[in-house]
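What follows is a set of notes on a single structure, which appears directly below.
Values below: every heavy atom of this structure, side chains too, minus hydrogens, waters and symmetry copies. Starting from 1, each residue takes its place in the sequence as its number. Just so it is clear, the structure is predicted and the values come from calculations on it, not from any experiment.
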Amino acid sequence: AIRMDQKKGTIEGAEMKRIRVTLTSRNVKHLEKVCTDLVAGAKRKDIKVRGPVRMPTKNLSITTRKTPCGQGSKTWEHYEMHISKRVVDFHCPSDMVRQVTKITIEPDVDVEVQL
């Protein structure tokens with residue numbers, strides 16, 4: 001039986017685990033919105049939160065020729081994709097995480113949960 005002590009903000013009878021949520025997206029605004037929603041939901045439930053920790057941005061770049069054949073002037077196109085990543089750690093029982101992660105997540109944000 002899990003009981004939550006409202007005065008102390010602690011949970012009795014449950015094993016505390018570190019749950020790591022990794023969020024990845026190409027759109028930084030959507031990523032930050034999901035991070036703030038996750039942290040705000042966890043703080044409402046009195047869960048210890050560490051993060052969001054901003055990981056280094058991956059820059060993927062491709063340089064290619066404009067012409068399909070080898071004729072003409074040698075012109076090049078350059079394409080880039082930036083992938084941002086955030087890590088949020090929760091210290092709580094695993095059933096509490098389900099309550100916190102019941103938020104609306106933007107379609108272009110990938111979520112990975114590690115127990």
Side-chain angles (χ1 to χ4, degrees):
I2 298 173
R3 288 184 289 149
M4 179 138 184
D5 188 359
Q6 294 293 334
K7 293 179 183 176
K8 296 179 184 175
T10 59
I11 298 171
E12 298 176 5
E15 183 183 343
M16 299 295 276
K17 292 186 176 183
R18 187 198 73 175
I19 293 109
R20 176 165 282 179
V21 178
T22 306
L23 304 165
T24 310
S25 178
R26 294 182 302 178
N27 191 336
V28 179
K29 285 184 182 179
H30 292 172
L31 185 64
E32 289 294 333
K33 181 183 178 302
V34 172
C35 282
T36 54
D37 290 348
L38 268 176
V39 172
K43 297 227 179 188
R44 269 187 259 121
K45 302 280 184 187
D46 294 327
I47 295 174
K48 285 186 181 178
V49 179
R50 177 170 285 171
V53 177
R54 288 157 181 83
M55 303 305 284
T57 303
K58 287 186 182 177
N59 297 324
L60 308 174
S61 63
I62 294 176
T63 305
T64 181
R65 287 280 305 266
K66 278 188 178 181
T67 58
C69 60
Q71 302 297 319
S73 62
K74 293 182 173 68
T75 54
W76 298 83
E77 293 235 30
H78 186 72
Y79 298 101
E80 284 190 359
M81 182 189 309
H82 303 284
I83 300 175
S84 301
K85 188 186 241 185
R86 304 287 185 266
V87 176
V88 182
D89 287 335
F90 298 107
H91 295 280
C92 65
S94 53
D95 11 322
M96 293 288 282
V97 173
R98 283 209 177 107
Q99 297 172 5
V100 173
T101 55
K102 284 185 180 177
I103 60 168
T104 56
I105 296 174
E106 301 290 333
D108 59 344
V109 176
D110 296 327
V111 179
E112 180 183 330
V113 179
Q114 287 181 334
L115 297 175

Any chance CD1 of I62 has more than 12 other-residue heavy atoms, nucleotides or ligands included, within less than 6.0 Å? no

Which atom of [X] lies closest to which atom of [Y], heavy atoms considered:
{"X": "P93", "Y": "I19", "value": "O-CD1, 4.3 Å"}
{"X": "A42", "Y": "V49", "value": "CB-CG2, 3.3 Å"}
{"X": "P52", "Y": "R86", "value": "CB-CB, 4.3 Å"}

If the condition is side chain to side chain contact (heavy atoms under 4.5 Å, CB included), which residues does K48 pass it with, not counting sequence neighbours? H91

In a table with atom names and distances, give each donor-acceptor pair under 3.5 Å that connects a side chain of residues 76-84 to protein atoms at least two apart or in another chain.
from	atom 1	to	atom 2	distance (Å)
E77	OE1	Y79	OH	3.4
H78	ND1	T63	OG1	3.0
H78	NE2	E80	OE2	3.2
E80	OE1	H82	NE2	3.4
H82	ND1	N59	OD1	2.5

Counterpart residues, side chain to side chain donor-acceptor pair (under 3.5 Å), relative to [X] (two or more places apart):
{"X": "R18", "answer": "none"}
{"X": "K33", "answer": "D37"}
{"X": "R20", "answer": "D89"}

Rounded distance [0.5 Å steps], OG in S25 versus NZ in K85: 13.0 Å

Got a sec, which pairs hit salt bridge (Lys or Arg N to Asp or Glu O under 4.0 Å) with one end in residues 50-62, sequence neighbours left out? E32-R54

Cut-off 3.5 Å, no hydrogens considered: what does the side-chain donor-acceptor table look like for residues 104-115, sequence neighbours left out?
from	atom 1	to	atom 2	distance (Å)
D108	OD1	H30	ND1	3.0
D108	OD2	H30	ND1	3.2

Which ILVMFWY residues can you reach from V53 by hopping between side chains whose heavy atoms are under 4.5 Å apart? M55, V87

